[in-house]
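Working notes, structure below.
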Amino acid sequence: MEKKSVGLAVASMVCGIVGLVLSCCVPYLPIILGIVGLVLGAVSIRKQQGGKGMAIAGIVCSIITLVPAVIMLVAGASLISSLGALGMSL
Amino acid sequence: MLRDFLEPLPENVQKVLWRVFFSAAVLFVLFAVFIHANGRTLEGLLPPCALYSTTGICCPGCGGTRALESLLHGDWIQSARYHVLVPYGAVVGGLFLLSPVIRRLTGHSFKLRPIHFYLAIVLILLQWTIRFVMFIIGQPVF
């Protein structure tokens, strides 16, 4: 039986894990890693490649990475625009 | 099911991951040497966690920089207290990077398996959950 490739699933999971760990201190990288991990995991599942469990784990980690990162980005942007409207700056 | 967790990843994936781990390790060592040569620390260079400083809630990566600093000073226990993934990653990543040497010496090589990644995810989420509970009950997180 032909062995299915697990490369995309592993890449998705690695992006998710690294994104989770870096979600703290590096501002934009977790968003990029989260999106890449999400896309790779989705492509892996859609193409019915091997390592479905790893692809799902990658997608879950990517979502957990993306949610706080996007919230903080939106909150930061709204804070800066509010300060700008009041004529102040950070 | 258990076999899927324990079966080593295919050889081509292992090769790509080894190159990625090696590049990351070289970049990290160069970065650490550069900032310490300039009299700075990792902690002083990177910005504080925005989520933690605004809400008091830890993100999954909180403590990672301090854990790295502790590990660089050889304090494994303190490193695990700050972020358990750092010593875990150092052991697994170190063994994986040294796998060609281990293979030459013993005839057996260390191969990455899905369980190594699943365990990393479980450790991160478990630590994050414990810290969230400690925050809720008003206990110091670090």
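Within every chain, numbering begins at 1; the chains are lettered A, B, ... in the order of the sequence lines, protein sequences first and strands thereafter. Model, not experiment: these values are computed from the prediction. Atoms considered below: every heavy atom in the structure, side chains included; atoms not considered: hydrogens, waters and symmetry mates.
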Inset, instruction - Mark yes when over 12 heavy atoms from residues, nucleotides or ligands other than B:Ile77 sit less than 6.0 Å from its CD1; otherwise mark no. - result: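 Check fails, neighbour count at 12 or below.
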Inset, instruction - Give a yes or no on this: more than 12 heavy atoms of other residues, nucleotides or ligands lie within 6.0 Å of atom CZ of B:Phe132. - result: no
Verify same cluster id: [X], [Y] (apolar side-chain graph, 4.5 Å):
| X | Y | answer |
| --- | --- | --- |
| B:Leu71 | B:Val33 | no |
| A:Val21 | B:Val29 | no |
| B:Ile130 | B:Tyr52 | no |
| B:Leu27 | B:Val16 | no |
| A:Tyr28 | A:Leu38 | yes |

Inset, instruction - Give me the contact list for residues 105-121 of chain B versus chain A, heavy atoms only, anything under 4.5 Å, ordered by residue number. - result: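 Within residues 105-121 of chain B, the residues under 4.5 Å from chain A are B:Pro114, B:Phe117, B:Tyr118, B:Ala120, B:Ile121.
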Legend entry - Those residues of residues 96-104 of chain B, ordered by number, that approach chain A below 4.5 Å (heavy atom to heavy atom):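 Within residues 96-104 of chain B, no residue comes under 4.5 Å of chain A, counting heavy atoms only.
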Legend entry - Heavy-atom check, side chain of A:Met54 versus side chain of B:Leu9, under 4.5 Å: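 The answer is yes, as the side chains (C-beta and beyond) meet within the 4.5 Å cut-off.
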Legend entry - Verdict with reasoning, B:Trp128 to A:Leu20, per side-chain contact (heavy atoms from CB on, under 4.5 Å): CA-CA 11 Å; B:Trp128 193 29; A:Leu20 270 180; 5.5 Å; no
Inset, instruction - Find the distance between CD1 (A:Ile64) and CG (B:Leu125) and round it off to the nearest 0.5 Å. - result: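 Separation between the atoms: 5.0 Å.
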Legend entry - Residue part contacting chain A, namely of B:Leu51, when any heavy atom lies under 4.5 Å: both
Legend entry - Most contacts with chain A, counted as non-hydrogen pairs under 4.5 angstrom, among B:Pro60, B:Gly63, B:Gly89: B:Pro60
Legend entry - A:Val14/B:Val20 under side-chain contact (heavy atoms from CB on, under 4.5 Å): CA gap, chis, key distance, verdict: CA-CA 10 Å; A:Val14 170; B:Val20 171; 5.6 Å; no
